[in-house]
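Contents: one structure, followed by commentary.
Keep in mind that this is a model prediction, so the values were computed, not measured. Just so you know, ligand 1 is whichever comes first in the structure, and atom 1 is the first atom listed for that ligand.
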Amino acid sequence: MLFRDLVELCSKLEKTTSRTEKVLYIAEFLKKLDLSEVKPAVWFLTGRIFPDYEDRKLDIGWATVSKVLKSLKSTGRLLAKPMTILELHRALLKISLVEGEGSRRKKERLLLSILSSMTPNEMEYFLRILFGEVRVGAADGLVLDAIGKVAGVDEDTVRRAYMFIADIGELAETALAKGAKGLRNATLQLFRPVRPMLAEMSYDIRSTIRELGGIAAFEYKYDGIRLQIHRKGNEIKVYTRRLTDVTNSLPDVVEIARNIRADEYVIDCEALSFKDGKPVRFQDLVKRIRRKYDVRRMVKEIPLEIRAFDLLYLNGKVLVDLPYAERWSLLEKIVDEEYLAKRIVTGDPNEAKRFLEESEKEGHEGLMAKKLDSPYTPGIRGKYWFKIKPAQTIDCVIIAAEWGHGRRRGWLSDYHLAVLDEDSGEFVMVGKTFKGLTDDEFEDMTKRLLGLKIGERGHIVYVKPRIVVEIAFNEIQRSPKYKSGLALRFARITRIRYDKSPYDVTTLSELKRLYEKQFEKKSRIEE
Ligand code: AMP
């Protein structure tokens, strides 16, 4: 199949408003693919180049692309033979592997040969993929539905299989190669990290208890790094929430994992560190992740501990369908108390509130409320976990930044913040801020953003939506100015979330709910 055919599908999808029709088009397209090209086709279609968990980068910025485009124009090259999806993917892989002296020129040459095979329309889509725009062809949700259609299974089966298979390209390949059975049989395997369960926002403790069935477990919410630990005998591997293998950077976590009393397990936990009895802040903790040099020194400086909160696999048995209360009692048997999340079970909001205060006093973020009879499910489906934080924050992705004035001259400092509109798959702006970062962080952020630059207008630099920041604010207001319809008042960055992907940011519907929630305490006059 040619890349051109994929672009044709994307244009068709853009012109269609009906979700059912879109799913149908994608399903038809998937069925026409050769098995060997399913993975790259699905990656491209969903705005990816490589699977999420691969730490592979093309390292091609805006400057390189505009240079190559210019030379393409000036040489007036004739259109080379159109590339197939597989050829294009191989060419991109090659670019990602170029290293060392003269690598810039080599990358430019490879990019030139790719672009010279493309019509302007193809180029536009290709650049969207290259620059990581979310809305290339289809949001993940549409493709998951199409995969379900192709295999003849329902949505829950697809989502469940996606939790275990974790790469949307491979999921599609499994559906096409093995059909319904392939998806139904997908299960947890050791050393294949699963997509983690996530939490919804809790708007208040009382209604959260009600939602969870009148009684719930409350655990400390640690402000650490989410880790999934897999063990089989002597082999131990540690993965981040984005499924990257970070075992080599974390020998201290591996040591703790070795002392857990089971031969085979998969544990979900949070890693954190203490200094003078207080938890080390998140910005310092992340220095440990993916560290390739000076690992020993870092272990000394920021020694990690874990707080385990879930058990997904134990001695040959997959536990994800067991009720959480049962998983917890198995977890308790194999992990020492000091490495378990602090936890109570109650239906009394006041008791939960006191526990929340304790957690805060010890320097943690808040609480997690969990439904006792819930299975382990991917993402936030099911509404089984709720995060309770005293200070309401949301996660936004930076989509542009403005050059600073005065003291901030020379830095990109006013950041355009966006949430995810899950209906359109677009990032929509909700505010701007230059507050909350230290000078060093501004400096570092400027470098990172320039590396993600995709365009420039006046003093505004547009960037690939990659960097996620946690944002505190005083109020959410209606806004005619922003497409989202909402604006954050007095937004400030509370931390940079290098551990989160742009797909994990707060959604527009969550923000709308928060907006409405404000009026429980305040009355509204306008509107
Ligand atoms: P957030 O990142 O704010 O959306 O909150 C969810 C994250 O809280 C999870 O991904 C974990 O990394 C973290 N977390 C901390 N403590 C717990 C806990 N006891 N149970 C589950 N997740 C926890």
Side-chain angles (χ1 to χ4, degrees), residues 163 193-203 208 212 216-229 238-244 246 253 267-273 279-282 285-286 288-289 304-312 324-325 327-328 331-332 335 337 339-345 352 355-356 358-360 362-372 374 376-380 382-397 419-420 468-472 493-507 510-511 514:
M163 168 161 90
V194 305
R195 282 160 34 84
M197 185 151 174
L198 301 174
E200 294 245 347
M201 277 184 189
S202 154
Y203 299 88
T208 298
L212 293 177
F218 291 87
E219 296 171 6
Y220 274 18
K221 183 175 191 310
Y222 299 98
D223 196 1
I225 295 162
R226 178 92 174 253
L227 294 177
Q228 205 178 103
I229 307 176
V238 184
Y239 306 92
T240 62
R241 68 176 271 171
R242 296 177 78 170
L243 316 183
T244 317
V246 288
V253 172
I267 279 179
D268 199 355
C269 67
E270 193 81 352
L272 72 175
S273 182
V280 171
R281 46 172 209 162
F282 182 79
L285 287 180
V286 290
R288 289 290 315 275
I289 295 292
L304 293 180
E305 299 180 15
I306 63 162
R307 293 295 178 268
F309 51 76
D310 219 318
L311 182 64
L312 278 53
Y324 150 74
R327 298 198 305 274
W328 177 272
L331 182 70
E332 254 181 336
V335 178
E337 197 182 342
Y339 293 134
L340 280 175
K342 254 201 184 166
R343 171 183 189 266
I344 59 168
V345 174
F355 197 52
L356 172 65
E358 254 172 59
S359 160
E360 267 184 276
E362 290 179 36
H364 304 301
E365 215 185 349
L367 297 179
M368 278 284 187
K370 299 186 176 177
K371 191 164 164 64
L372 290 170
S374 59
Y376 192 92
T377 52
I380 55 170
K383 295 187 190 282
Y384 299 134
W385 285 10
F386 286 87
K387 50 187 171 191
I388 303 170
K389 301 191 210 179
Q392 193 68 264
T393 57
I394 62 166
D395 294 318
C396 293
V397 64
V419 296
L420 179 65
V468 177
V469 282
E470 189 182 83
I471 299 289
I493 297 176
T494 44
R495 56 185 167 141
I496 307 168
R497 295 291 311 247
Y498 291 120
D499 62 322
K500 284 205 170 180
S501 95
Y503 299 98
D504 292 334
V505 298
T506 301
T507 61
E510 278 176 321
L511 194 66
L514 275 178

Could you find the nearest protein heavy atom to atom 9 (C) of ligand 1 and give me its residue, atom name and distance?
Arg226 NH1, 3.4 Å
Using a 4.0 Å cutoff against the non-hydrogen atoms of Tyr220, which atoms of ligand 1 qualify?
16 (N), 17 (C), 18 (C), 19 (N)
Atom 19 (N) of ligand 1: which protein heavy atom is closest, and how many Å away?
Glu219 OE1, 2.8 Å
Atom 3 (O) of ligand 1 [closest protein heavy-atom partner, distance rounded to 0.1 Å]:
Lys221 NZ, 3.2 Å
Name the residue from Glu219, Glu305, Arg226 that meets the side-chain contact (heavy atoms from CB on, under 4.5 Å) definition with Glu270.
Arg226
Does some non-hydrogen atom of Lys500 fall short of 4.0 Å from ligand 1?
yes
Pull out every atom of ligand 1 sitting under 4.0 Å from any heavy atom of Arg241, numbered as shown with elements.
2 (O), 10 (O)
Starting from atom 6 (C) of ligand 1, find the nearest protein heavy-atom neighbour and note its residue, name and distance.
Met368 CE, 3.6 Å
Hey, are Asp504 and Arg241 close enough for a salt bridge, meaning a charged N less than 4.0 Å from a carboxylate O?
yes
Note the single closest protein heavy atom to atom 16 (N) of ligand 1, along with its residue, its atom name and the distance in Å.
Tyr222 N, 3.0 Å
Output the list of atoms in ligand 1 that are nearer than 4.0 Å to some heavy atom of Arg497, sorted by atom number.
2 (O)
Give the atom numbers and elements of ligand 1 that come within less than 4.0 Å of a heavy atom of Trp385.
21 (C)
Do any N or O atoms from the side chain of Thr507 and from the backbone of Leu420 form a donor-acceptor pair under 3.5 angstrom?
no
Is there a side-chain contact between Phe282 and Glu470 in this structure, where contact means two heavy atoms from C-beta onward sitting under 4.5 Å apart?
no
Evaluate Asp395 for polar contact with ligand 1, using N/O atom pairs at a separation under 3.5 Å.
no
If you measure from each non-hydrogen atom of Lys370 to ligand 1, which part falls under 4.0 Å: side chain, backbone, both or neither?
side chain
Side-chain heavy-atom pair Ser273, Leu285 within 4.5 angstrom cut-off:
yes
Do Thr393 side-chain atoms and Ala472 backbone N/O form a donor-acceptor pair below 3.5 Å?
no
Please determine if Arg495 and Glu365 form a salt bridge, counting it only when a charged side-chain N lies under 4.0 Å from a carboxylate O.
yes
Side chain, backbone, both or neither: which part of Arg307 comes within less than 4.0 Å of ligand 1 when only heavy atoms are counted?
neither
Which of the listed options, Met197, Glu270, Lys387, holds the heavy atom that is closest to atom 14 (N) of ligand 1?
Glu270
Per-atom filter on ligand 1: closer than 4.0 angstrom to a heavy atom of Lys389 are 3 (O)
